[in-house]
> 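The structure follows.
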Amino acid sequence: MSSPSPRRPLMAANWKMHKTPAATREFIAQILPLLAANFAAARPCEVVIAPPFPCLPAAAEAAQGTPISLAGQNLHWEVSGAFTGEVSAEMLLATGCQYVIIGHSERRQYFGETDETVNRKLRAALTAGLKPIICVGETLEQREAGRTEAVLRRQFEDGLHGLTTEQLENCVLAYEPVWAIGTGRTATPEIAAAAHHFLRELAGARFGAPAAARLRILYGGSVKPDLIRGLMAQPEIDGGLVGGASLDPQSFAALVNF
Ligand code: PGA
């Protein structure tokens, strides 16, 4: 039997552009009793919710005094300035966030984010004391062309460029194959685990084996309650970054309570 993972599991809800402040309060009120057993467990799964920015104050109020952590879905790399529509790391922290999602494929696809902007955002988050959840993942075209590892390598190396081993300790990686996001086409546990293993090897080469062994790597892409056990049975998979199935308290609780 293999020894238990040194990494604490983490389930993160990425609500994307869904819910109002009132719906946020309702969700948290409904999910808290469903998570009671998890939070009372000896080794609870960590729970992170990333609501849209205007819902963060409502989420912070509803989650106050509970083990639920909050995340921003994005941030700007500057501290402040004339950047209409953007938010800074300090603003997220002041609104109750501990985490921030960086480089989600939807940001890359629709809003022009690159590995370079991911790197800038990552540094800004870490400098401010926010824990980044850094997303990487290949498109279907890239996978079919046999370029998955090359794409992951580039995203990892350029995205995490200049990071220290100490900074890596505060990072979470999310492997999100673009072809699996919102498509209902989940990666098989074996495909996901192979990508996670590859990412952990890259981390080992860059930051050393002990730091790589402590790095949490989440899987994201059509994670659903009926598939979570199979995914979490893979020692390489440390949790999930969940879109659609995180919008309903019953289904997100089922994921946390895998
Ligand atoms: P999905 O989204 O679970 O709806 O596929 C995952 C994500 O985009 O993080």
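Read the numbers this way: they start at 1 and go in the same order the structure lists the ligands and their atoms. In this text the structure is predicted, and so the values were computed from the model without any measurement.
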> Can you list the atoms of ligand 1 that are under 4.0 Å from a heavy atom of Gly243?
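Taking each heavy atom of Gly243 in turn, ligand 1 has 1 (P), 2 (O), 3 (O), 4 (O), 6 (C) under 4.0 Å.
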
> In terms of hydrophobic clusters joined by side-chain contacts under 4.5 Å, are Leu35 and Val48 together?
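Per the 4.5 Å side-chain linkage, Leu35 and Val48 are not co-clustered.
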
> Identify, for atom 9 (O) of ligand 1, the protein heavy atom at the shortest distance, and state residue, atom and that distance.
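Nearest neighbour among protein heavy atoms for atom 9 (O) of ligand 1, to 0.1 Å: Glu176 OE2, 2.7 Å.
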
> Please name the pair of heavy atoms, one in Phe27 and one in Asp248, separated by the smallest distance, quoted to 0.1 Å.
CE1-C, 3.6 Å

> For ligand 1, which part of Asn14 has a heavy atom less than 4.0 Å away: the side chain, the backbone, both, or neither?
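Within the 4.0 Å criterion, Asn14 contacts ligand 1 through side-chain atoms alone.
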
> Supply the atom-to-atom distance Asp226 CG to Leu255 CG, rounded to the nearest 0.5 angstrom.
9.5 Å

> By number and element, which atoms of ligand 1 are closer than 4.0 Å to a non-hydrogen atom of Gly221?
5 (O)

> Under 4.0 Å from any heavy atom of His104, which atoms of ligand 1 are there?
7 (C), 8 (O), 9 (O)

> Does the side-chain hydrogen bond (donor to acceptor under 3.5 Å, both in side chains) test come out yes or no for Glu141 and Trp179, once each step is laid out?
CA-CA 9 Å; Glu141 197 187 1; Trp179 46 271; over 6 Å; no

> Of all the heavy atoms in Ala245, does at least one lie under 4.0 Å from an atom in ligand 1?
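No, Ala245 has no heavy atom closer than 4.0 Å to ligand 1.
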
> Closer than 3.5 angstrom, by distance alone: can the side chain of Ser222 be matched with the main-chain N or O of Ala180 as a donor-acceptor pair?
yes

> Any nitrogen or oxygen of Ser222 lying under 3.5 Å from a nitrogen or oxygen in ligand 1? Just yes or no.
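It does: an N or O of Ser222 is found under 3.5 Å from an N or O of ligand 1.
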
> Sort and list the pairs that fulfil side-chain hydrogen bond (donor to acceptor under 3.5 Å, both in side chains) and have at least one residue in residues 180-196, not counting sequence neighbours.
none

> I'd like a table of donor-acceptor pairs (distance under 3.5 Å, sequence neighbours excluded) in which one partner is a side-chain atom from residues 100-111, with atom names and distances.
residue : atom : partner : partner atom : Å
His104  : ND1  : Glu106  : N            : 2.9
His104  : NE2  : Glu176  : OE1          : 3.2
Glu106  : OE2  : Lys16   : NZ           : 2.8
Arg107  : NE   : Glu113  : OE2          : 3.1
Arg108  : NE   : Gly103  : O            : 2.8
Arg108  : NH1  : Asp115  : OD1          : 2.7
Arg108  : NH2  : Cys135  : O            : 2.8

> Under 4.0 Å from a heavy atom of Gly244: give me the atoms of ligand 1 that qualify, with their elements.
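Those atoms are 1 (P), 3 (O), 4 (O).
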
> State if Lys16 counts as touching ligand 1 under the rule of any non-hydrogen atom under 4.0 Å.
yes

